[in-house]
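Only one structure is covered here, and it is reproduced in the block below.
What you see below is based on every heavy atom in this structure, not just the backbone, and it leaves out hydrogens, waters and symmetry mates. Letters A, B, ... mirror the listed sequences (proteins, then strands); counts begin at 1.
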Amino acid sequence: MRSLDYLLRRGVFTVVTIFLTVTANFFLFRVLPGDAVTNLSRVPHATPELQHALMVRFGLDKSKWDQYLIYLKNLLHGDLGVSFTYQQPVTHLLVEDLKNTVLLAGVGTLGAIVLGILSGVIAAWRRNSALDHLNTGLATLVYSFPSQWLGLVLLILFAGILPAGGMSDLFLFDSPPFWQNIGDVASHMVLPTITLILTAYGGYTLVVRSSMLETLGEDYVLTARAKGLSDRRVVWQHAVRNAMLPMVTMVALDLGYVVGGAVLIEVIFSWPGIGMATYTALSQRDYPMVQGGFLLLTVSVILLNFLADLVYFRLDRRVSA
Amino acid sequence: MTEALLEVDDLSIHYPIRRGVGGALTRRPRSVVHAVDGISFRLGRGEMVAVVGESGCGKSTTAAAICGLIAPTGGTVRLEGNAITGLSERRLRTVRRRVQMIYQDPYESLDPLCRVRDILAEPMLIHGIGGSKAERSALAAEALERSGLSPAEAFLDRYPHELSGGQRQRVAIAAALVLDPDVLLADEPVSMLDVSVRAGVLSLLDTLRKDQDTAILMITHDLSTAAHFADRIVVMYLGRIVEQGPAREVVHHPRHPYTKALLSAVPRRDREQQAKPQLLAGETPNPVDIPPGCRFRSRCPVGTDDCERTDPPLVTAGDHETACLFV
Amino acid sequence: MTTVAPAELRSTGIFRKVLREHKTAVAGLVILGLFVVLAVVSPYLAPYSITERSCAVFEPPSAQHWLGCDDGGVDMLSLLMRGGQTSLVVGFAATLVAMLLGGTVGILSGYFGGWVDAVLMRITDVLLVLPDLVLAMVIAAVWGPSLFHVILVIGLLEWTTTARIVRAEVMSLRERAYVKRARGLGASNTRVIVRHILPQAGPLLIANTVLTVSVAIYLETALAFLGLEDPSVTTWGTILEHAFARTAISSGAWWAIVPDGFVIAAVSIGCFLLGRAIEDALNPRLKVSHLSGRRWRVRVLAGRGADAR
Amino acid sequence: GQAESETADGGVFRFGANQPIDSLNPFVSVVSMAFSVFEQIYPTLVQLDPNDKYAPEFATDWSTSEDGQTWTFHTRPGAKWSDGEPLTAADVAWTLSTIAKFQDGPTAGLANYVVNLDSATAPDANTVVLHYANPVSNVLSRLMSVPILPRHIWQKYAEGKGEALTTFPNTAPIVSGGPFVLVKHQPKQIALFKRNPAYYGPKPHLAGFGIQFFSTDDAMITALKSHQLDAVQSVPATSVRNLESSGFTVLSSPGMRFDSITVNANPKQQAAHRELTNPLLREALDHAINRAEIVKTSLLGHGKPGGAVIAPGTADWTDSSIKPPSFDLGLANRLLDQAGYRRGPDGVRIAGDHPMDYPIILPEDTYSGAGLRSFQIVRGDFERIGVRLEPRLLDNAAANEAAMANKSQDFAMTMWGWSGGTSDPDDTLNYLTCASQGILNDTGYCSKEWDDLYGEQGEAMNPADRHDVVNRMQQLAARERPLLVLDYPDAIEAHSPSWTGLTPVGGASFSSESKLPLLSVRKAG
Amino acid sequence: MNVLECRDLHVWFDLPDGGQVHPVNGVSFSLAPSERYGLVGESGCGKSTTILALLGLLPPTATVAGSVSIAGTEILAGGEETVRGHRWRDIAMVFQGAMNALNPVKTVGWQIAEPMRAHGIARRAKARERARELLELVGIPAAAADRYPHEFSGGMRQRLSIAMALACEPKVLLADEPTTALDVMVQAQILELLTRLTDELGMALVLVTHDLPLVSQFCHRAAVMYAGKMVEEGPADQLSWESRHPYTRLLFSATPDLYGDEPVVSIPGAPPRLDTAIVGCPFRPRCDVPMDRCAAELPLLTTAGPGHRAACFRTESVVTA
Ligand SMILES: Nc1ncnc2c1ncn2[C@@H]1O[C@H](COP(=O)(O)OP(=O)(O)OP(=O)(O)O)[C@@H](O)[C@H]1O
Ligand SMILES: Nc1ncnc2c1ncn2[C@@H]1O[C@H](COP(=O)(O)OP(=O)(O)OP(=O)(O)O)[C@@H](O)[C@H]1O
Ligand SMILES: [Mg+2]
Ligand SMILES: [Mg+2]
């Protein structure tokens, strides 16, 4: 019952947060300076009638409240409006981008998590050894560089050796055979993914290390040692799983940071993801696109947080009690 | 029996527990922890009453309610006949001055960032005692001396970490004494201290009540200590008093099966004197849903079906009260 | 298991102890101090003007221009020095906003609990899950690019972690016996907070402040990189943005990019070392490790009963 | 298999560009990149040649009536759309009359190209006759930009009020009449074209070409340098030297753009800066602009100092007698003294009751690139003549609004650029008309003299007469200085040496005005 | 034959400031099968360290000297590597505060079975079966094997700890304050369980506690430690009634007895610091009957009766007299 309660609580929180985000998303954008219509009407010889027609078309003539209700209603149907720039449904435009971002951020985060766990565990295990110092020092250093800088430096170092932009070779008339395509995308992914991994892994290492250190101080680790278990077994069977709890929280909290990093990285590597779409739309004042991008980015982070709650719940039985 | 200074009358404290989203949705009734459920006892001037009972039976909660930290769900606490429950924060101030609490862990109950001087001055500042700094220092020094820390000057400027456990507990007692309280509530005052220094602190409390007529309510796990120092013993079980009476009476002639079992389980220095411990089966029921009838029924070695129906009241025999159908 | 001596919890004590026992903290403090000093004296120390050209476009490093020049023929070293000044101001100012907010929310929430806590924490939770940069991006865009806005945005977004940490600490402090005792004595909430809670939570708050400075600087560079910072202001963030916007990479002008990252990282590491050292010192749980690569040693005694010393 | 064999012949030419295609529907799209796409897939009546002269395209020849109101075009016989349908004069007539018909609504975006058009008819399959209400001097320039659409596809959307014309997405594959067929379009990423075998004109050498879109210049140039691209349009000046030294061919031509500082010329503006209408003040400011330094620092020499309001890239329309104003701070100071603006204690001059401290709007386009450098230079020099500038950074749309809302009553100055036509000055001149106030005219300038001259040049059918009028207009602008023209950046394009035959038109190989560059480019050697 | 022989055990800890503490200073004792041996003394006198040293469960700052042998086999001399194989198989431990000694994210059944599998005593199913038997043995229903530690009360957890310690049928069980956190009643239950187990299984038990009456009642023999040294050792009832060391006597008089009427008095002063060498008898400053030679000379453990030893010069005189 308590477990159900926990899930319900997190579920309600998630829904409320999404609702707040959605609302903020709407109102935030209605106070932007620079009317959408000015942008749209920058066509030669635009008449007031035309301007009005455009206002009507984008629903900008209604009261804010009505606009809000319409916005909510449309949202429920998955309708994020029509892009000012592309004059196409935002949902349609962003779905591809979302997939691309998920690919990049997913592989990047997973890589960072694996690397972070490995290096964090080893650093804690070999606390104060040269290995620990090297490992922790590196993690701290990498963690301290801004993501965009890491991306730029990788570009300087590897442009020419590895694809520097985009996510595949676009100049092909027919889509290449499956594996060739995978290879192509993979080679384009190398630099952005490494940047993302570097952005995130340092933080994970440090968290895993310190939560491992805390865990290694727990009495049950002493018990495990007393049982005559090998160190490896003590670490992986007893300490790691418990040390993972803060890691899960951290990963969840860090998702926002990773997504932020992903925006920067997408911009640098022209990765056709949702971050870049949002960034481009922002400078083009394409409200519906910005709104859509912001919403998708934010809601995915919120949902992933919920997912992290579930993982936490699976990992730590005490939550359910 | 001495005149009652503090009277606790039918005191109940229930902590509501959150029913959570799921509970609210399914309209589950709000449930409460019956931490204390209708207890009454009296404490006279210069008297030391020990409250014993297993962990979670409501001892600390009782003390917190007496000194006004928790508002009781029901019942009253009277100091010299005047109810001190349900008072406004302002009226409570005078009461706070007269009822002082001493906590279990002397490592925790003194602010590590304050010198002994400041720790002792704080109650005076709050209650506007001692006009000047010098005056307060004098009062503080005097309280320290009374608590057995002399010369006081050697201690006034120390930080708590520069004191041993026993000394810390004495400082805590001194901080209570600067207000000249009528009642001291001591919640397991020695359980964190080493065996070798416990006796000193306990003797100090003993002296206080004898010399200054301070009434002391001492909460303890340790029946031997209670037997040794207290005038009266109150035995609690699951939020209720099951037995109370003069210490010697209770220890030598326990009436309630729970008290008997507890006493039999106390290790004795002398192996020969040790009775076979009368082990109770099962576990204490959850204070959230307490079964009807006698609360001790589920673990009672002598209970009958009657106990499931009747919730036994405290029956007085002389000065000794017991809540059991079989007494 | 050893516990921290309470002496070490005293705020002045803790800093002395941190500096004594954690060499990294000293390093962090030195780095930070260096940058602060540099920021203060940079107008007098910077070798060239940052508004006028002193060399050729993207001129590589040379004896005259140690770090080369940017796309406008401006000396990079001078830019970095002056940029640091602004970046630090942004970092510190934003952190100040964040700390005031986070500290207040954390203390109120932790101390009063109940619905105050519930409301404040729900707000915090919501802000906590939202992606900082994305939110900052949108707000900064709405407000328009300006230094002040960037400071405000960062300040308004970065207080949540602090609030959480402070709240947890205050909640545990509130349950400490000496706080209960003070309350039992009838001390007012203000008194309890000011006398007993704040001094204890202080070191943690400071540790957090130091760590937040680096987050703030980091966020500033990101916003600047996305063109959401006033580009006429020179900060470490806008330097990077200019370089990228003016094709430093394809022009092979690595010197317009690489040193910038190092100074940002240096400050960040400074903050990190100092902040983490304080945090570690406050966390007794980190002191014990039941498992270690190294082992206890066996000593052979010369004779029975002899004390080897 | 098939794709490869086609690619083997002629190859695929890979472009990089920094502006995406907004829409493939000509009635919706506003960006020039999209019109460059239409140029490759749709016929136009005429096009420009590399010398900025009008050349035949779908029209083989044309003639004008005496009164200049009737134009007759003969079109290519036997042409076909890529789906095999016949491509005839009827498509031309339909397209032009449809635009004219809905010009106040769905087709407003193209209305400018059919100004004064009364009717468009196709008396036979290869003849188009256009009737204008007034003589129109620049018919060819306008028609050059109109993509001829396949009537058999579009007709059904032109019913009723024609609203469907704007909602039709027109996505790839699009029925094409031009040398190429658009085979793939991923918005914001790529537009990929294949040779159109049905094209009526000369066969391109290329098997196809594509344009990849980048959000940042640096990424784009990096892609070029690492041979992920063959060519890049609009190369930033900072990259030129590096590209040249890496062996790339860099083509530079006079631009059609100019950067300017707009000084609010509206007499009804706020009292806080009404002195801006004072011609002496504007003259002084003009002389305080160090154009040489701007060209050197911002444009790295790839451009020219500004003078006339028509950029040198606009065919031969620039009045060469107008020279950039001299950079003379002494003169500027004298002019300001003469106008009676004394210096205040902090060195800033006082105009009436307030210091001469002006907010200047910088839109994102300006401040995110070389414009910021220019601004720094200008600000420094203005400071020396006692005029202080306070930047107000706005995104493009907000800047637009801030400058033009209330018909220029609020703002003091802006700094941004204008882009004119390749072959015709009309667009640029139109910006300064009274009718454009609040829409395109960001200067607050409104003068009857200008409007009269504008009307005159629009009807002058004799090119020499028109040149004369246009020159008078440029001189008028140089006198009254609603815009202080800073510079004309060059249009720069770079491509890999493995390609040859590239002849940009209007500074661009992927042009919206000509099909010729992509017909002539081929693999080198 | 003795199952456990501890000879002249020393432990030093390196301190961060370069110093050393010497909390175990030449401790020797031996255990017969089924014997219950008590170890009492003030906080910080080295009881826990002694116990942990027997298992080699010391931090890396520790240095150990002396010999520990189980059934004649020396286990400590080879360091961690040799002692590991003996842990839990020969010598197991029950920790204080069993809440923390159990891994919160593993089922109790798994934790009980783990050492059997790790030491190759039983395979999966067999080990699981055995774990359930052990649960029954300590009075917990076998069905509880699939539950997590937090679902048990304090007393139950202590039982779980004991069941876990019995997994490999060790010859010696070490129990460090197993009942300190528990109520009297629960304590009695646990002690009863331990009594039964030692009697039935022939295990020897070392019980560390502060509680003197507990030792008197429960143990066969006991030792009193002071400042890292054993000051008295002997049959438990002799210690309580015929103590030979003033410290033991004073400790008893500081402990109230349920029915006793003797005044309870505390021992003045505090134990000495262990990071500086102690000259003479460490207890001398607090002793109520000091002698002159105590100041300079260290009294060694000497026989004070059958099976009874004490480290006090007065004892010598008693015995010799
Ligand atoms: N704040 C609270 N909220 C809910 N329940 C509480 C709270 N405080 C105490 N309880 C519950 O009230 C009951 C009595 O608690 P109390 O602390 O008074 O017991 P105690 O007798 O002092 O125990 P101990 O000997 O362990 O100190 C317990 O079941 C406890 O879990
Ligand atoms: N890892 C360590 N490093 C340094 N000193 C230590 C370490 N562990 C214990 N000590 C010190 O060794 C001494 C003995 O500690 P130990 O825990 O053995 O005492 P104890 O008799 O078990 O006390 P308690 O009754 O409080 O459990 C103490 O002074 C303690 O501070
Ligand atoms: Mg309690
Ligand atoms: Mg111990």
Side-chain angles (χ1 to χ4, degrees), chain A residues 13 16-17 20-21 28-29 31-33 124-129 140-141 143-150 152-153 155-156 159 206 210 213-214 216-219 221-222 225 231 234-235 239 252-253 255-257 259-261 263-264 267-268 275 278-279 282-283 290 294 297-298 301-302 305, chain C residues 1 122 125-126 128-139 141-142 144 161 214 217-219 221-222 225-228 236-237 240-241 243-244 248-250 252 254 257-258 260-262 264-269 271-273 276 279-280 283-294:
Chain A
F13 173 74
V16 169
T17 311
L20 287 178
T21 314
L28 209 55
F29 286 92
V31 294
L32 284 177
W125 187 351
R126 300 276 175 234
R127 183 187 191 179
N128 289 337
S129 68
T140 315
L141 188 69
Y143 185 63
S144 304
F145 287 117
S147 318
Q148 69 269 29
W149 184 87
L150 288 171
L152 294 180
V153 169
L155 258 190
I156 293 176
L206 298 171
S210 79
L213 283 182
E214 282 198 13
L216 288 179
E218 297 284 353
D219 290 349
V221 172
L222 190 64
R225 250 186 92 198
D231 283 5
V234 174
V235 167
L253 285 180
L255 282 169
Y257 176 78
V259 165
V263 172
L264 296 167
V267 169
I268 290 170
T278 313
Y279 166 74
L282 208 54
S283 52
V290 179
F294 174 71
L297 282 173
T298 315
V301 171
I302 298 172
N305 260 284
Chain C
M1 159 140 175
R122 287 303 81 73
D125 283 347
V126 170
L128 209 57
V129 294
L130 298 184
D132 291 359
L133 182 59
V134 179
L135 204 58
M137 207 165 116
V138 168
I139 299 180
V142 170
T161 334
S214 75
I217 291 182
Y218 181 92
L219 209 54
T221 67
F225 189 76
L226 295 174
L228 297 166
W236 289 335
L240 215 51
E241 196 266 337
F244 191 48
I249 291 182
S250 50
W254 54 266
I257 289 174
V258 173
D260 193 65
F262 277 101
I264 296 172
V267 170
S268 186
I269 288 178
C271 294
F272 184 82
L273 292 181
R276 281 306 274 266
E279 271 186 354
D280 285 356
N283 186 353
R285 293 220 282 159
L286 287 183
K287 296 239 158 59
V288 196
S289 174
H290 291 312
L291 196 79
S292 164
R294 279 190 294 147

Side chain from CB out, backbone as N, CA, C, O: work out which of these in [X] comes under 4.5 Å of a heavy atom of chain C, or both, or neither.
| X | result |
| --- | --- |
| Tyr257(A) | side chain |
| Leu255(A) | neither |
| Thr298(A) | both |
| Asp231(A) | both |
| Leu150(A) | neither |

Next on the checklist: Walk me through whether Tyr218(C) and Ser144(A) qualify under side-chain hydrogen bond (donor to acceptor under 3.5 Å, both in side chains).
Outcome noted: CA-CA 8 Å; Tyr218(C) 181 92; Ser144(A) 304; over 6 Å; no
Rounded to the nearest 0.5 Å, how far apart are [atom1] of [X] and [atom2] of [Y]?
| X | Y | atom1 | atom2 | answer |
| --- | --- | --- | --- | --- |
| Leu152(A) | Trp254(C) | CG | CH2 | 14.5 Å |
| Ile269(C) | Thr140(A) | CD1 | OG1 | 6.5 Å |
| Gln148(A) | Ile257(C) | CD | CD1 | 10.5 Å |
| Met137(C) | Phe294(A) | CE | CZ | 9.5 Å |
| Leu155(A) | Ile249(C) | CG | CD1 | 4.5 Å |
| Thr17(A) | Leu128(C) | OG1 | CG | 10.5 Å |

Find out whether [X] and [Y] are in side-chain contact, i.e. whether some heavy atom of one side chain is under 4.5 Å from a heavy atom of the other.
| X | Y | value |
| --- | --- | --- |
| Leu226(C) | Tyr279(A) | yes |
| Leu213(A) | Asp280(C) | no |
| Val134(C) | Thr278(A) | no |

Checklist entry - When you check the side-chain N and O atoms of Ser268(C) and Tyr143(A), is any donor under 3.5 Å from an acceptor? => result no
Measuring heavy-atom distances to chain A, does [X] have an atom under 4.5 Å in its side chain, in its backbone, in both, or in neither?
| X | value |
| --- | --- |
| Ser214(C) | neither |
| Leu135(C) | both |
| Arg276(C) | side chain |

Next on the checklist: Less than 6.0 angstrom separating the ring centers of Trp149(A) and Phe225(C), yes or no?
Outcome noted: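 Ring centroids of Trp149(A) and Phe225(C) are no less than 6.0 Å from each other.
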Item to check | Leu133(C) versus Gly260(A), closest heavy-atom pair with distance | outcome: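 The answer is CD2-O, 3.2 Å.
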